[in-house]
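In the text below, chain A, chain B and the rest are named by the order of the sequence lines, each starting its count at 1.
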Protein chains: 2
Amino acid sequence: MALDRKPYRREAEDKRRQALVDATLAMVAEGGAQSATVRAIAQRAGVTAGLIRHYFQSKDQLVTAAYRHLMDRMTAESSAVLSAAPRDPLARLTAFVAASLKPPVVDPEALILWATFLQETHRDPAMKATHAQTYLGFRDMLQALIAALPGERDEVSQRRLAIACNAVIDGLWMEGCLLPEAFARGELVSIGVTSVGAILGIDLAQHLHLADPNPSEPVPDAAS
Amino acid sequence: MALDRKPYRREAEDKRRQALVDATLAMVAEGGAQSATVRAIAQRAGVTAGLIRHYFQSKDQLVTAAYRHLMDRMTAESSAVLSAAPRDPLARLTAFVAASLKPPVVDPEALILWATFLQETHRDPAMKATHAQTYLGFRDMLQALIAALPGERDEVSQRRLAIACNAVIDGLWMEGCLLPEAFARGELVSIGVTSVGAILGIDLAQHLHLADPNPSEPVPDAAS
DNA sequence: TGCCTTGTTATGCGGTTGCATAATTCATAG
DNA sequence: CTATGAATTATGCAACCGCATAACAAGGCA
C-alpha cells in the first residue's frame, strides 16, 4: 500500500501558467495541434494533466492564451528592432525589413505555430480578434515607417504601399520558413530590402550594411 | 428483428473517391482538422464510415489525397488563365498576377485549407513533397513569364525577381483571404500588378484592362 | 429468373481524449 | 511544532477516435 506519489514544488501562479503556455507552444511546434493533448502538454511542463484545469477553465482557454502569447512575442520582436534602429528613416525601414526576414522571426517552428492557430482563428472570435489586431498592427508599423520617408505621399498612397510592402515581407517570410535550405544566407534579406525599395521607388540596399553590420547571425544572447 | 438498413446505390470508384475527397475538404474548411473525423467525412459524403477503408488504406491516405487535389485545383486555376491569355508577354504576366489575386483563388476557405494541411506537411513526407512541388511549380511559372519579358536578364536575376514577385502575390493572397472586407473590389489586383511592375521596373498597370475586361466579377457559371 | 461478386452497411473493440472528482502533500501562519 | 488551506497528484469516466470484421444487398451476368 506504500503509494509513492510524484514529489512536487508549489510555484507562483504566473510561473505555472507561463510554463503551461510554453509547453503548449512547444508541443504544437513539434507535432502539430493533434499532438498537443492535455496529457502531453502537462508532461512537457513537468506537471500532471489535472493541473491544467486548475489554471485554465478548459483546454481551449489554454490554447487561446498560448496564441496570444505567441502573437505578443512576435510583435515585441518587431518593435524591439525599431527601438534599437537608427534615426534616419531610410535606415530605420531597412533595419525593420531586414529583421523580419531572418531569425528569430524567420523560423520553421514559427510558421507551423502560425498556421496551426490560423484555423482556430476561423472558429474562435477571441482568437480572430487577436489575429486581426496583430496583423494590422504590423502593417501600421510599416505604414508609419513609410510615412516618415522623405518625399510627399498622401495617405491613400501610404496605405497601398504599406499593403504591398507587408505582402512582400510576409511572402518572403513564408518561403524562408518553409524552405530554409532553398535560400543562401542573407538572400532573403537582400531580396526583401531590394523589393521594398523598388516598390517605394527608393534605393534601400545602400543602407543595409549600416542598419545591420551582421546580417546573417542572430543575436548570441538567445535564451536567458 | 426487422432491421431496416440504409438503402444505397453502388457508384463508380472515381465518383466515390472524389466524393470522399470533397467531403474531407469541406469538413476541414468548416471546422478545422479536428472536426474531419472519418465518421463526419463519411456522413458528409452520404455514406457510412466503413466505406472509407474500402477506398483508402487509412485516413491519412485520404487526407493526403485531399491535399493533393486541393493543390492541383489551385495550380490549375492559375495556369488556366495562361492558356486563355494573350500573347504579349506584358499582358500575360499581368493576367497571371491578376487572376491570382481574385476569386476563386482568393478565398477564405482556401487559406484555411492551406494552413491546416501545412502542419501535416511538417510530419508527413508525402505531403511535404506535394507541397514543395506545388510551391516551386508556381514560382517557376512566374519565372518563365518574367524570362519572356522584353529586356535582358541573367538567370540569377530572374530567380531573384521571381522570388520577390511570388512573395508579393502570396502575401496579398493571404491578406485577401484573411481580411476580405479590408479591401475594396479590385484593390488587391491593382496593388499586386503595380507592385510586381515596380519590382520588375516596368509598367504593368496599363495592361490590366486589356488582360482582364472584368476585374472584379468571378465567372458567373460557378456551380453546375 | 436466379446466382455471385463486391460495394456498402452494421457492429464491435482497443486506445485516447478532455474533464470531473477525490486523495494527498507542500508551504505558510500562528 | 502543529494546523489549515490550497496547489498538485491520482483515479475514474463518458465520449469519441481510427480501424477491423462480419453481415447484407445491389446490380451485372448466365
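Where Pro7(B) and Arg39(B) each meet DNA chain D at their nearest nucleotide, the meeting point lying more 5' is that of Arg39(B).
In this structure, the side chain of Ser83(A) engages the main chain of Ala80(A) through a donor-acceptor pair within 3.5 Å. In terms of modelled atom types and a separation under 3.5 Å, the side chain of Gln158(A) and the main chain of Glu155(A) share no donor-acceptor contact. The main-chain N or O of Ala162(A) is never found under 3.5 Å from a side-chain atom of Arg139(A) such that the two would form a donor-acceptor pair. In terms of modelled atom types and a separation under 3.5 Å, the side chain of Arg44(B) and the main chain of Thr24(B) share no donor-acceptor contact.
Within the 4.0 angstrom heavy-atom criterion, only backbone atoms of the sugar-phosphate kind lie near Thr37(A); the bases stay farther away.
Taking the side chain as every heavy atom from C-beta outward, Leu70(A) and Trp114(A) never approach each other to under 4.5 Å. Residues Glu30(B) and Ser35(B) have side chains not in contact (no heavy-atom distance under 4.5 Å, counting atoms from C-beta outward).
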What does nucleotides 1-7 of chain C look like as a protein-contact string, B for base, S for sugar-phosphate only, - for none, at under 4.0 angstrom between heavy atoms?
-> -----BB
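In this entry the distance linking NZ of Lys59(B) with P of dA20(D) reads 15 Å, nearest Å. Distance Arg53(B) CZ to dA10(C) P: 19 Å, rounded to the nearest Å. One atom, CD1 of Ile52(B), and another, C1' of dT9(C), lie 13 Å apart when rounded to the nearest Å. The distance from atom NZ of Lys15(A) to atom P of dA7(D) is 16 Å, rounded to the nearest whole Å. Between Gln34(B) atom CD and dC17(D) atom P the separation is 10 Å, expressed in whole Å. Put simply, CD on Gln43(A) is 13 Å from P on dA10(D), counting in whole angstrom units. In this structure, Ile41(A) atom CD1 and dT17(C) atom P are separated by 11 Å, rounded to whole Å. Counting to the nearest Å, the C1' atom of dT16(C) and the CE atom of Met27(A) are 14 Å from each other.
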